[in-house]
Amino acid sequence: MAGDGYRVGVLGATGAVGSTILGILAEREFPASEVVPFASERSAGRDIEWGDEALEVRVLSEGAIEGLDLVLSSAGGAVSAEWAPKLVEAGAVVIDNTSFWRMHDDVPLVVAGINPEAADDHKGIVANPNCTTMVAMMALAPIHRAAGLERIVVSSYQAVSGTGQKAIDELRRQSQLVLEGDERPPASVYPHRIAFNVLPQVEVFADGDDYTTEERKVMAETRKILALGEEVGISATCARVPVFTGHSESVNVQTGEDLSPEDCRALLAEAPGVVVVDDPGAGRYPLAIDAAGRDEVLVGRIRRDPGHERCLNLWVAGDNLRKGAATNAVQIAELLIERDLLG
Ligand SMILES: NC(=O)c1ccc[n+]([C@@H]2O[C@H](COP(=O)([O-])OP(=O)(O)OC[C@H]3O[C@@H](n4cnc5c(N)ncnc54)[C@H](OP(=O)(O)O)[C@@H]3O)[C@@H](O)[C@H]2O)c1
């Protein structure tokens with residue numbers, strides 16, 4: 001720790017997640033002596049406003065990464081694969097938002113408020129889970145602790161900001177064109193038009209797999225964070241919807257012990273980072289637009305599955321850029337300080 005705070009690098013600072021991280025560092029008054037934004041050559045030299053300061057965007061180089069205590073990284077998997085080890089070698093702890101390090105045995109996958117103790121064993125890199133996993137985790141972990149999970153079925157309705165800034169721009173542009181009568185606006189980010197559509201594909205079907213890479217991440221990361229054995233069935237279907245920010249998820253859980261909807265509601269009302277919004281008759285349930293811009297995950301529509309006495313259905317909504325990425329990354333940094341694991 002230098003002077004009166006930590007030297008913090010934000011890698012991917014011009015992107016959807018990185019710019020949210022910059023905002024959250026300021027909001028939460030993170031103890032930073034200096035914040036250094038990094039992005040690609042495309043943005044080098046550009047100024048980013050941060051409070052009353054103008055921060056100049058830098059490109060990664062061996063020299064530029066010297067002396068950083070902490071790096072919050074969201075510049076894509078390939079950049080993290082190459083640069084996270086170099087950053088650790090240069091003395092920084094890296095909190096990585098990409099998928100590259102999440103399933104490595106030596107890298108803890110941490111949800112603040114759920115499994116902070118996993119960070120105790122870090123060896124320089126701490127991974128931040130996928131945004132869809134994170135949103136589900138906030139509701140699933142308290143249920144798991146109280147009644148044990150036997151099977152989980154997640155169906156997601158994911159916002160375009162989960163893909164990054166280019167997807168936000170594409171939804172806006174396509175929506176305008178469709179409203180002007182163009183039924184086939186150009187699509188470059190997704191394989192089909194996203195405006196006024198629902199795509200049952202998030203990321204790609206790799207190597208002939210009939211699940212997408214996003215669905216595989218949700219299943220594998222859930223198992224790692226909650227330390228669930230193979231006997232617990234996990235199934236995910238991820239869809240992209242024309243929403244700017246806020247992932248919604250329908251979650252069906254089978255518990256080991258009976259958990260009534262009333263007890264589940266009471267349990268989640270006490271859970272940190274969760275707000276229960278559950279008065280469906282009055283039109284009150286979690287909405288993506290209500291979840292957007294806040295750090296808590298909203299849970300509602302808590303009800304018994306008529307098909308199984310130990311199954312519940314829930315609806316969960318969370319801001320993919322905040323708790324789904326940036327807030328959790330900054331919370332991990334805070335818990336590293338609390339647990340004396342930084343520096
Ligand atoms: N969006 C979400 O909700 C979310 C949630 C959890 C995790 N993530 C993960 O976070 C990462 C970033 O996502 P995003 O949505 O913020 O994407 P984005 O909006 O496309 O931003 C990408 C950022 O990475 C920078 N970048 C790209 N190539 C680079 C390079 N070679 N060297 C240095 N910087 C480079 C970009 O800089 P330029 O502006 O200069 O191109 C930009 O700052 C991805 O790995 C994603 O999977 C995203």
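Keep in mind that this is a model prediction, so the values were computed, not measured. In listed order, ligands and their atoms are each counted from 1.
An N or O contact shorter than 3.5 Å is missing between Ala325 and ligand 1 by distance. Polar contact check, Val79 against ligand 1: no nitrogen or oxygen pair lies under 3.5 Å apart. Of the polar atoms of Pro129, none of the N or O atoms is found under 3.5 Å from an N or O of ligand 1, judged by distance alone. Checking only distances, Gly12 does come within under 3.5 Å of ligand 1, N or O to N or O. By the 3.5 Å distance cut-off applied to N or O atoms, Arg102 is not counted among the residues near ligand 1.
A salt bridge does not link Arg58 with Glu66: every distance from a Lys NZ or Arg NE/NH1/NH2 to an Asp or Glu carboxylate oxygen is 4.0 Å or more. Under a 4.0 Å N-O distance rule, the pair Arg216/Glu221 does not qualify as a salt bridge.
The protein heavy atom nearest to atom 12 (C) of ligand 1 is Ser74 O, 3.2 Å. Of the protein's non-hydrogen atoms, Gly164 CA, 3.8 Å is the one closest to atom 17 (O) of ligand 1. Shortest contact from atom 8 (N) of ligand 1 to any protein heavy atom: Asn97 O, 3.8 Å. Ranking protein heavy atoms by distance to atom 27 (C) of ligand 1, first place goes to Arg42 NH2, 3.7 Å. Counting only heavy atoms of the protein, atom 26 (N) of ligand 1 lies nearest to Ala75 CB, 3.9 Å. With respect to atom 16 (O) of ligand 1, the closest heavy atom belonging to the protein is Val17 N, 2.8 Å.
Between the side chains of Thr222 and Thr133, no donor-acceptor pair of N or O atoms lies under 3.5 Å. With 3.5 Å as the limit, one finds a donor-acceptor pair spanning the side chains of Ser80 and Ser73. There is a side-chain donor-acceptor pair under 3.5 Å between Thr163 and Arg240.
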**Q.** Worked verdict on Gln158 versus Glu214 for side-chain hydrogen bond (donor to acceptor under 3.5 Å, both in side chains)
**A.** CA-CA 11 Å; Gln158 298 183 214; Glu214 179 83 349; 3.0 Å; yes
**Q.** Worked check of ring-ring contact (aromatic ring centres under 6.0 Å, His included) between Tyr157 and Trp315
**A.** CA-CA 11 Å; Tyr157 304 70; Trp315 187 266; 5.1 Å; yes
Q) Run the side-chain hydrogen bond (donor to acceptor under 3.5 Å, both in side chains) check on Glu170 and Ser188 step by step: do they pass? A) CA-CA 8 Å; Glu170 180 150 304; Ser188 59; 2.9 Å; yes
Q: Just do the side-chain hydrogen bond (donor to acceptor under 3.5 Å, both in side chains) check on Thr255 and Glu150 with the steps written out, would you?
A: CA-CA 5 Å; Thr255 51; Glu150 285 189 346; over 6 Å; no
Q | Chi angles and distances behind the side-chain hydrogen bond (donor to acceptor under 3.5 Å, both in side chains) call for Ser99, Asn130 | A | CA-CA 7 Å; Ser99 59; Asn130 164 280; over 6 Å; no
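Distance check on atom 21 (O) of ligand 1: some protein heavy atom falls below the 4.0 Å cut-off. Per-atom contact check: atom 2 (C) of ligand 1 touches the protein, criterion being a heavy-atom distance below 4.0 Å.
Contacts of Ser99 with ligand 1, taken as heavy-atom pairs under 4.0 Å, are absent altogether.
Listed by number with element, the atoms of ligand 1 under 4.0 Å from a non-hydrogen atom of Asn320 are 3 (O), 5 (C). Atoms of ligand 1 lying under 4.0 Å from at least one heavy atom of Ala13, given by number and element, are 43 (O). Those atoms of ligand 1 with a heavy atom of Ser43 less than 4.0 angstrom away are 38 (P), 39 (O), 40 (O). Residue contact check: Thr98 has heavy atoms under 4.0 Å from atoms 45 (O) of ligand 1. Close approach of ligand 1 to Leu321 is summarised as follows: ligand atoms under 4.0 Å from at least one heavy atom of the residue are 1 (N), 2 (C), 3 (O).
Atom CD of residue Glu257 and atom CD1 of residue Ile143 lie 13.0 Å apart, to the nearest 0.5 angstrom.
Remark: among candidates Thr132, Thr14, Thr163, the nearest residue to atom 36 (C) of ligand 1 is Thr14, based on non-hydrogen atoms.
Judged by the 6.0 Å and 45° rule, Arg172 forms a cation-pi pair with Phe244.
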